[in-house]
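In each ligand, atom 1 is the first atom listed, and ligand 1 is the first ligand listed. Numbering starts at 1 and runs along the sequence shown. The shown structure was predicted, so the numbers you read here are calculated from the model rather than taken from an experiment.
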Amino acid sequence: MRELLPRAGEVDLFAAYAQADPGLRVNFVSSADGAAALDGRSDGLSGPADKLVFRVLRALADVIVVGAGTARIEGYGAVRLPAEHRDWRGAHGMPPAPPLAVVSRSLALDPASPMFTEADVRPLVLTGPDAPTPARQALAEVADLITGGSAAEWRALLAERGLTRILCEGGPRLFGSLLAEDLVDELCLTLSPVLARQEAPGIAEQPGGDGPVRLGLVHVLEDDGYLFLRYTVGRD
Ligand SMILES: NC(=O)c1ccc[n+]([C@@H]2O[C@H](COP(=O)([O-])OP(=O)(O)OC[C@H]3O[C@@H](n4cnc5c(N)ncnc54)[C@H](OP(=O)(O)O)[C@@H]3O)[C@@H](O)[C@H]2O)c1
């Protein structure tokens with residue numbers, strides 16, 4: 001992989017993606033015509049270099065936040081970091097792996113899912129005060145439930161646990177709600193060299209949103225036709 005901007009040449013991904021602390025970063029892959037999924041999932045948009053960046057961003061984070069829709073559709077499993085990424089974390093004073101935090105209002109999540117049962121670090125579920133009690137009790141067996149009335153409240157409750165470098169892996173509706181609360185600091189966007197040419201959500205779904213949000217370009221990397229764009233969000 002090579003850097004095109006701000007300087008052309010080889011790139012150290014851990015340095016290029018060093019995460020601000022505190023910071024809320026969102027990571028997506030998109031087709032060139034703006035689709036966040038191909039045949040309903042993101043995998044067809046990805047490639048080896050995108051998967052590498054995906055893993056590096058995980059290694060840099062204190063917590064990985066994902067919407068329940070994405071966890072269900074993409075069949076999320078337990079977080080597994082390669083040995084060299086665990087070593088990197090250890091050398092930087094971080095625990096071996098970040099917990100997964102699934103965002104769900106309905107709590108329609110299977111407690112027997114591998115993302116809960118096979119996790120090395122106890123997962124979190126971020127939910128609201130109206131979540132149904134039976135599902136709450138069932139999930140409490142396999143995860144810590146964090147209850148907040150808004151994403152800003154979840155962020156504050158995660159910070160109380162020392163989880164301040166947040167990586168959000170989508171999906172579009174969760175990203176839309178984070179933008180609505182003006183909580184996003186950074187967007188890492190892989191632009192896949194493909195036209196999806198089908199009905200699909202964009203990366204940020206926010207019906208009735210308050211209009212455009214400005215992005216500031218931080219870097220552009222390239223590998224095999226894939227572009228890796230790192231932006232600041234809503235700041236000049
Ligand atoms: N291209 C990519 O990088 C990428 C990344 C992620 C996902 N995707 C694609 O996106 C599609 C899924 O889209 P999606 O918009 O449904 O995914 P999503 O945002 O992950 O899931 C939406 C669900 O998450 C929960 N949720 C989201 N925001 C919430 C909030 N503020 N408060 C409470 N709960 C909240 C709700 O779960 P409950 O219904 O349980 O209450 C909601 O139904 C799939 O096709 C997936 O492949 C693509």
Side-chain angles (χ1 to χ4, degrees), residues 24-47 49-55 57-58 64-77 100-111 113 115-116 123-132 134-136 138-139 143 145-158 166-184 186-196 198-209 226-231:
L24 196 162
R25 158 186 281 174
V26 177
N27 183 36
F28 271 98
V29 59
S30 165
S31 72
D33 53 349
L38 210 50
D39 300 329
R41 295 180 53 162
S42 63
D43 199 49
L45 298 170
S46 187
D50 179 57
K51 289 185 164 63
L52 175 60
V53 169
F54 183 90
R55 288 195 298 271
L57 297 185
R58 284 187 158 196
I64 300 166
V65 174
V66 68
T70 298
R72 287 188 287 254
I73 291 166
E74 303 272 349
Y76 258 54
L100 185 68
V102 187
V103 181
S104 174
R105 190 171 288 112
S106 71
L107 293 187
L109 297 165
D110 182 0
S113 156
M115 70 180 163
F116 296 122
L124 308 170
V125 173
L126 310 182
T127 193
D130 302 331
R136 191 182 274 281
L139 285 165
L145 270 69
I146 295 182
T147 303
S150 65
E153 273 187 46
W154 292 324
R155 188 173 183 173
L157 292 165
L158 290 172
I166 300 170
L167 170 64
C168 174
E169 295 182 340
R173 281 187 285 163
L174 177 57
F175 185 25
S177 61
L178 296 174
L179 287 170
E181 290 191 48
D182 194 19
L183 290 175
V184 182
E186 192 180 315
L187 170 65
C188 295
L189 176 66
T190 300
L191 198 61
S192 182
V194 65
L195 295 167
Q198 58 184 236
E199 286 282 319
I203 65 166
E205 298 285 301
Q206 194 188 338
Y226 288 80
L227 291 174
F228 299 87
L229 309 166
R230 182 179 175 188
Y231 293 106

Donor-acceptor pair, Arg72 side chain versus Leu109 backbone, under 3.5 Å?
no
Should Arg58 and Glu169 count as an ion pair when the cut-off is N to O under 4.0 Å?
yes
How close do Pro111 and Phe116 get, heavy atom to heavy atom, and via which atoms?
O-CB, 3.8 Å
Residues which pass side chain to side chain donor-acceptor pair (under 3.5 Å) with Thr70, listed by chain and number, not counting sequence neighbours:
none
Note: Ala36 and Leu45 closest approach over all heavy atoms is C-CD1, 3.5 Å
Which heavy-atom pair separates Trp154 from Thr147 by the least distance, and what is that distance?
NE1-C, 4.3 Å
With hydrogens left out, which residues have an atom under 4.0 Å from ligand 1, given that only heavy atoms count?
Phe28, Val29, Ala36, Ala37, Gly40, Arg41, Ser42, Gly67, Ala68, Gly69, Thr70, Arg72, Ile73, Glu74, Val103, Ser104, Arg105, Ser106, Trp154, Glu169, Gly170, Gly171, Pro172, Arg173, Leu174, Ser177
